[in-house]
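Start at 1 and go down the list; that is how both ligands and their atoms are numbered.
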Amino acid sequence: MATATIQYEKITPPREGTKIGAEEGKLIVPDDPIIPFIQGDGIGPDIWAAAQNVFEGAIERAYGDRRKIVWFKVYAGREALELYGDDTVLPDDTLNAIRDFYVAIKGPLTTPVGAFDYVCLACALEQDGPNGQRPSKCAKCGSEFVTPRFRSLNVGLRQILDLYACVRPVRWIRGVPSPVKRPEKLDVIIFRENTEDVYAGVEFEEGSDEARRFIDLVRECTQRDLRPDSGIGIKPISISGTKRLVRKAIRYALDRGRSSVTLVHKGNIMKFTEGAFRDWGYELAKEEFRDEVVTEAELWEDHDGEMPEGKLLIKDRIADSMFQQVLLRPDEYDILATPNLNGDYLSDACAAQVGGLGMAPGSNMGDYIGLFEATHGTAPKYTGQDKVNPGSLILSGVLMLEYLGWQEAADLIVQAMERTIDQKRVTYDLERQMEGATTVKTSEFAQAIVENMG
Ligand code: NAP
C-alpha cells in the first residue's frame, strides 16, 4: 500500500504499490515502486506509450510477477493547463510527487524561447495577441492551450528540486548510423553541474544602469576598462556546487567499477571559476576518497605510470582539448565531470558522435531524486502521428532501471533495441540514414523491441 504523507490538490497516488525510501545516501527500492511520470507535450504521449510498453515488457521478462512499477501520472505543460487551469504549467502537485517518490520520468515539454508574450502548448508556436491581448486560439493550430510565456519547465524542475547533476551517458547502440569510423570506442558518462556557471541567470543588458554600474565596479577593482557598450553576464562557480557534483561522479564511478573521472575545465583562462572547479574537484577526491583514488600526478610520481589495481584515476583536461580527445582517443575516457557550460556543449558533441540526440538519454539528479528524461524536444509537427523515435525516452528508462538497481531489465532493453536496429526495423529518422532499412511507427518500434527480448 502507498503511504503518501503529502496532500495533493488534484491527483491521487495509486492505492497499490510502495514508496521508494532513502537512507544514508542510498535509495531503498521495493519490488513494486510507485513512479510518477509526465507524458510531455507534442510527441510526448506517443513516445511515452511506446516506452511504457518496453519498460513493462522488460520487467516482466526479467522478474516475472516478482517486480513491477506502479505508475503515477502527474502533470506538466499542456496537460497541467488542462487539469489545473489558471495558466498553471508546473503544479505543486507534480513537484511534491517527485519529491515524495524520489524517482520520476518525463517526456519533452514546450519551452518558450523567443520574445513573444504567448506560447501554444499544442504546437509550440510563440505569438503575440491582437492589440496586446491574449489570443483566444493559437494562430497556427487553433488550439485553446495558449498560455502566457513562462520560464523553461525543465529549468524550473531542476532548480526547484535542486537537481544539481545532469547525467548523460553517451555510448553507441550497435547499428545506429554514426559520422565516425569507430563509434563503439566512445563510452562516457557526463556529469554536468546543473545550477550555476553562466546559467545562474545573472545578466545585464547593454546600456542598462546595472551594466554601467558593473563596468564602473570592474574599473574600480581591476583598473581595467570594459567597452561601455558591453552586455554583462556573471559566472559563479562555488566550492559547494563543485564538490557535490564531483562527489556524485566519483561515487558513481566507484559503485560501478569505472576506471577514471576526468575534470573538464577551462582553468587556463578562467582561474577563479573553471580553474577552481578543477582544484576543488581534486581536493574533494583526496579529502573524501583518499584510499580509493589516484590522481594523474600521483600515477606518474608514485606508480611509474602503472595504475594500481582497484583504484580510480582522477585526471583533468582543458575543455578544448577534451573535444579533440573524445574524437581522437575516446577509449581513454570514462566519467567526465564538468561545469555547466562545458557540459552542455560536450554532451551534444558526444551524442552526435554516436548517432545524434534522437537516441540520447538523460537524467537530472539531486542527492536522492532522479528525474529521467528524453533529451530532444516536443517535435510538434509530428504530434499524434505515431512516427518519431522513442529511443531517447526508452534509454532514459534504462538509466532509471539502473538507478533502481534493476540491471537485468535494463540490460534486456539495450540488447533488444540493438537487435531491433540490427534487423533494420527503425523509425523514419534512422531509416533515412541506413541502407535497406524498413520504416516502422513509434509503437511498432517499441513492440519489436519487446518481441526481441526473448
Ligand atoms: P525538437 O523538438 O527536438 O525537434 C527538432 C527536430 O529534431 C524534429 O523536427 C525532428 O527532426 C528531430 N527530432 C526530435 N525528436 C525526435 C524524435 N524523438 N524522433 C525523431 N526525430 C526527432 O526541437 P525544437 O523543434 O527546436 O523544439 C520544439 C519544442 O521542444 C520547443 O518548445 C523547445 O523549446 C522544446 N524542447 C524541450 C526539451 C525538453 O523538454 N527537454 C528539449 C529541447 C526542446 P526532423 O524534422 O528532421 O525529422
Side-chain angles (χ1 to χ4, degrees), residues 37-51 54 75-81 89-90 94 104-116 118-127 138 140-141 143 145-147 149-159 163 166-168 173 176-177 192 194 199 344 347-348 351-352 355-364 371-397 399 417 421 426-434 437 439-446:
F37 70 95
I38 297 168
Q39 275 200 126
D41 297 325
I43 55 173
D46 278 354
I47 58 172
W48 171 254
V54 171
Y75 296 76
R78 189 183 71 78
E79 285 194 317
L81 191 62
V89 285
L90 186 55
T94 298
I105 183 161
K106 66 175 273 291
L109 292 166
T110 305
T111 307
V113 286
F116 296 93
Y118 298 94
V119 58
C120 171
L121 295 185
C123 74
L125 181 76
E126 295 174 41
Q127 52 205 289
C138 170
K140 184 173 161 197
C141 72
S143 148
F145 299 112
V146 180
T147 172
R149 63 173 292 112
F150 50 83
R151 288 188 58 214
S152 161
L153 300 183
N154 299 307
V155 174
L157 281 162
R158 282 172 213 161
Q159 288 183 344
L163 306 178
C166 174
V167 184
R168 294 222 180 148
I173 297 286
V176 173
R192 164 187 167 197
N194 227 354
Y199 291 72
D344 193 358
S347 308
D348 281 14
L357 280 178
M359 299 282 287
S363 62
N364 291 291
L371 177 59
F372 298 84
E373 64 172 1
T375 51
H376 55 71
T378 61
K381 67 183 176 188
Y382 297 122
T383 300
Q385 293 181 24
D386 196 16
K387 175 169 175 150
V388 295
N389 189 344
S392 173
L393 190 59
I394 292 174
L395 291 172
S396 302
L399 294 185
M417 187 186 270
I421 293 170
V426 291
T427 46
Y428 81 98
D429 54 313
L430 295 181
E431 187 276 337
R432 67 189 171 190
Q433 304 173 67
M434 291 166 80
T439 306
V440 297
K441 295 178 175 177
T442 312
S443 53
E444 291 168 344
F445 182 63

Q.
Please report whether ligand 1 has a polar contact with G377, defined as an N or O pair separated by less than 3.5 Å (distance criterion only).
A. yes
Q. Among protein heavy atoms, which sits nearest to atom 45 (P) of ligand 1, and what does the distance come to when rounded to 0.1 Å?
A. Y382 OH, 3.5 Å
Q: Decide whether a cation-pi geometry holds between R192 and Y199; the criteria are a distance under 6.0 Å from NZ or CZ to the six-membered ring centre and an angle within 45° of the ring axis.
A: yes
Q) Based purely on interatomic distance, does A379 place a nitrogen or oxygen under 3.5 Å from a nitrogen or oxygen of ligand 1? A) yes
Q | Contact check, side chains of H376 and I43, non-hydrogen atoms, under 4.5 Å | A | yes
Q. Is it true that Y382 and Y428 have ring centroids separated by less than 6.0 Å?
A. yes
Q.
When you measure from atom 10 (C) of ligand 1 to the protein, is at least one non-hydrogen atom found at a distance under 4.0 Å?
A. yes
Q | Identity and distance of the protein heavy atom lying nearest atom 19 (N) of ligand 1 | A | N389 N, 2.9 Å
**Q.** Atom of P380, atom of A124 and distance for their closest heavy-atom approach
**A.** CG-CB, 3.9 Å
Q) Given side chains that start at C-beta, do those of F150 and P112 come closer than 4.5 Å, heavy atoms only? A) yes
Q) For ligand 1, does S392 get within less than 4.0 Å through its side chain, its backbone, both, or neither, judged by non-hydrogen atoms? A) neither
Q.
Could you tell me, atom by atom, which parts of ligand 1 come under 4.0 Å of a heavy atom of P380?
A. 28 (C)
Q.
To check your reading of the model: name the closest protein heavy atom to atom 16 (C) of ligand 1, its residue, and the distance in Å.
A. H376 CG, 4.1 Å
Q: Return yes if a side-chain donor-acceptor contact under 3.5 Å exists between D41 and T378, otherwise no.
A: no
Q | Which of the ligand 1 atoms, numbered from 1, are nearer than 4.0 Å to a heavy atom of T110 | A | 32 (O)
Q. Taking the side chain from T442 and the backbone from I47, do they hold a donor-acceptor pair closer than 3.5 Å?
A. no
Q | Side chain, backbone, both or neither: the part of T378 lying under 4.0 Å from ligand 1 by heavy atom | A | both
Q.
Could you check whether atom 41 (N) of ligand 1 has a protein contact, counting only heavy atoms that fall below 4.0 angstrom?
A. yes
Q | Side chain to side chain, L393 and W48, heavy atoms closer than 4.5 Å | A | yes
Q) Which residue owns the protein heavy atom closest to atom 35 (C) of ligand 1, what's the atom, and how far is it? A) L109 O, 3.6 Å
**Q.** Numbered atoms and elements of ligand 1 in range of P108, under 4.0 angstrom, heavy atoms
**A.** 40 (O)
(Q) Heavy-atom contact check, 4.0 Å cutoff: does R432 meet ligand 1? (A) yes
Q: Could you say whether the N/O atoms of P390 and ligand 1 ever approach to under 3.5 Å?
A: no
Q: For atom 34 (O) of ligand 1, grab the closest protein heavy atom and report residue, atom and distance to one decimal in Å.
A: T111 O, 3.0 Å
Q. Taking non-hydrogen atoms only, is N154 closer than 4.0 angstrom to ligand 1 via side chain, backbone, both or neither?
A. side chain
Q. With a 4.5 Å limit on heavy-atom distance, are the side chains of M359 and I421 in contact?
A. yes
Q: Return a yes/no value: protein heavy atom under 4.0 Å from atom 30 (O) of ligand 1?
A: yes
Q) Hey, does K381 sit under 4.0 Å from ligand 1 if you only count heavy atoms? A) yes
Q. Do the side chains of R149 and E126 get nearer than 4.5 Å, heavy atoms only?
A. yes
Q) Side chains of N364 and E373: is there a donor and an acceptor less than 3.5 Å apart? A) yes
Q: Verify the contact flag for atom 7 (O) of ligand 1, where contact means a protein heavy atom under 4.0 Å away.
A: no
Q. Any idea which protein heavy atom is nearest atom 21 (N) of ligand 1, and the distance to it?
A. Y428 OH, 3.1 Å
Q) Is there side-chain contact between S443 and D46, with at least one heavy-atom pair below 4.5 Å? A) no
Q | Check: S363 and S396 side chains under 4.5 Å, non-hydrogen atoms | A | no
